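Accompanying notes for the structure given below.
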Amino acid sequence: MTESAQSFADVADDARVSETPLVDKGFASVRKIGNGLYATISDLSKGNTTLCNGGFLVGRDAALLVEGFATPAGASFQMDALRMVSQAPVKAALDTHYHLDHSLGNAFYGTRGIEVWAHPAVARRIVDSYTPLQGADRAAALGPFEKRMKDAKSEVERAHAQSDLNAFTMVFQLAKASVLAVPNRPLDPAKLPMKVELGGLTALIESYPGHSGTDMVVRVPEQNVVYTGDLLASGWYPPCNDEKATVSGWRETLKTFASCDKDTLFVPGHGQLCGQRGVATVREVFDDIAGQDVQRGRAGGRGTAPVRRAEEIQECFCVFLGIHHRPGDHAALRRVAGKEIGARRDIQMRGAVFSGPMGLLHK
Ligand SMILES: [Zn+2]
């Protein structure tokens with residue numbers, strides 16, 4: 001069984017999940033997963049239009065969209081799917097966090113007069129993270145990744161370097177191609193959870209730590225469904241490359257997910273729909289790397305602390321968006337091993353400085 005088939009097996013017998021998708025465009029499909037609840041699941045092998053997962057919730061009186069996706073076409077695709085089942089006015093679209101694969105399509109909402117809700121830091125972090133890329137010279141931005149390809153000393157090293165180069169090239173191109181649009185309704189985490197009444201359907205927006213420092217989830221308690229954003233990426237390594245990612249916070253959040261009803265259906269930020277088994281798997285990965293850290297600590301690490309830290313982030317960048325995931329190999333996360341990898345903004349590494357949430361290398 002493939003890894004994604006395995007993750008899907010978790011919910012394959014779940015009567016809430018419709019077997020037939022409402023719409024399937026290859027790059028993403030939309031499926032009914034509950035009463036008025038729909039999940040948009042992306043397939044990265046078939047294009048970058050949406051990149052992340054999302055969905056929508058639709059009641060008698062209103063609808064709530066989840067995610068801005070990687071492009072306005074992605075947000076538009078989901079809106080079209082909503083209109084196949086309901087003409088209810090859209091209350092808002094929620095960016096679960098600021099990362100570009102969840103937010104670059106916001107411009108679509110702007111043209112439709114749809115409010116975009118998000119954590120208060122999202123607007124600033126979109127601008128701080130992606131405007132530098134828009135102004136960056138391609139050769140300078142991609143050079144370090146290309147150099148790693150050239151300098152690779154083994155097939156494996158070359159494959160990793162190639163994968164990182166591909167991932168960063170995509171990030172770079174997406175940022176360049178997009179007119180940035182930022183959320184216009186900040187949701188203060190101190191005032192959450194926020195109840196969203198859609199008419200016979202009540203959703204809760206909640207804030208949790210772990211993936212980006214701006215993470216929010218949409219929970220439908222009456223139906224045991226949670227749209228998790230990237231706090232859960234089913235079948236993937238938890239992408240820890242963000243400067244505000246906290247391993248300890250993330251583990252607490254996953255513990256909270258695990259304490260939800262045993263029949264909870266999770267719509268992860270990436271990967272297939274999953275149930276509690278999907279949460280348990282990611283928790284095992286975190287447990288495993290924490291265990292490895294203890295052993296490693298006893299044995300003593302290599303290199304100076306800042307260099308090691310930079311290598312950890314470099315490794316984490318490999319798993320950014322899960323594009324480069326290596327089933328059965330926890331090496332990348334063993335190296336972050338329970339550390340707060342996001343604590344440092346700038347890290348010296350071989351004369352270059354790692355900075356920003358994308359781990360962009362500056363010369
Ligand atoms: Zn993310």
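Please read these numbers as outputs of a predicted model, since none were measured by experiment. Numbering of ligands and ligand atoms starts at 1, following listing order.
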Inset, instruction - Could you confirm whether H102 has any N/O/S atom lying under 2.8 Å from the Zn ion (ligand 1)? - result: no
Inset, instruction - Restricting to N/O/S, name the atom of H99 that gets closest to the Zn ion (ligand 1). - result: ND1
Inset, instruction - Name the orientation class of the two ring planes belonging to H102 and H97 (parallel below 30°, tilted from 30 to 60°, perpendicular beyond 60°). - result: tilted
Legend entry - C52 near the Zn ion (ligand 1): N/O/S under 2.8 Å: no
Legend entry - Distance in Å, K244 NZ paired with R125 CZ, rounded so as to fall on 0.5 Å steps: 6.0 Å
Inset, instruction - Taking atom types as modelled, find out whether H119 and D215 have a side-chain donor-acceptor pair closer than 3.5 angstrom. - result: no
Legend entry - Least distance between heavy atoms, D95 atom then S103 atom: OD2-CB, 3.7 Å
Legend entry - Ring geometry between F266 and F257 (parallel below 30°, tilted from 30 to 60°, perpendicular above 60°): tilted
Inset, instruction - Could you tell me whether any N, O or S atom belonging to D101 is less than 2.8 Å from the Zn ion (ligand 1)? - result: no
Legend entry - H211, N/O/S atom nearest the Zn ion (ligand 1): NE2
Inset, instruction - Restricting to N/O/S, name the atom of D230 that gets closest to the Zn ion (ligand 1). - result: OD2
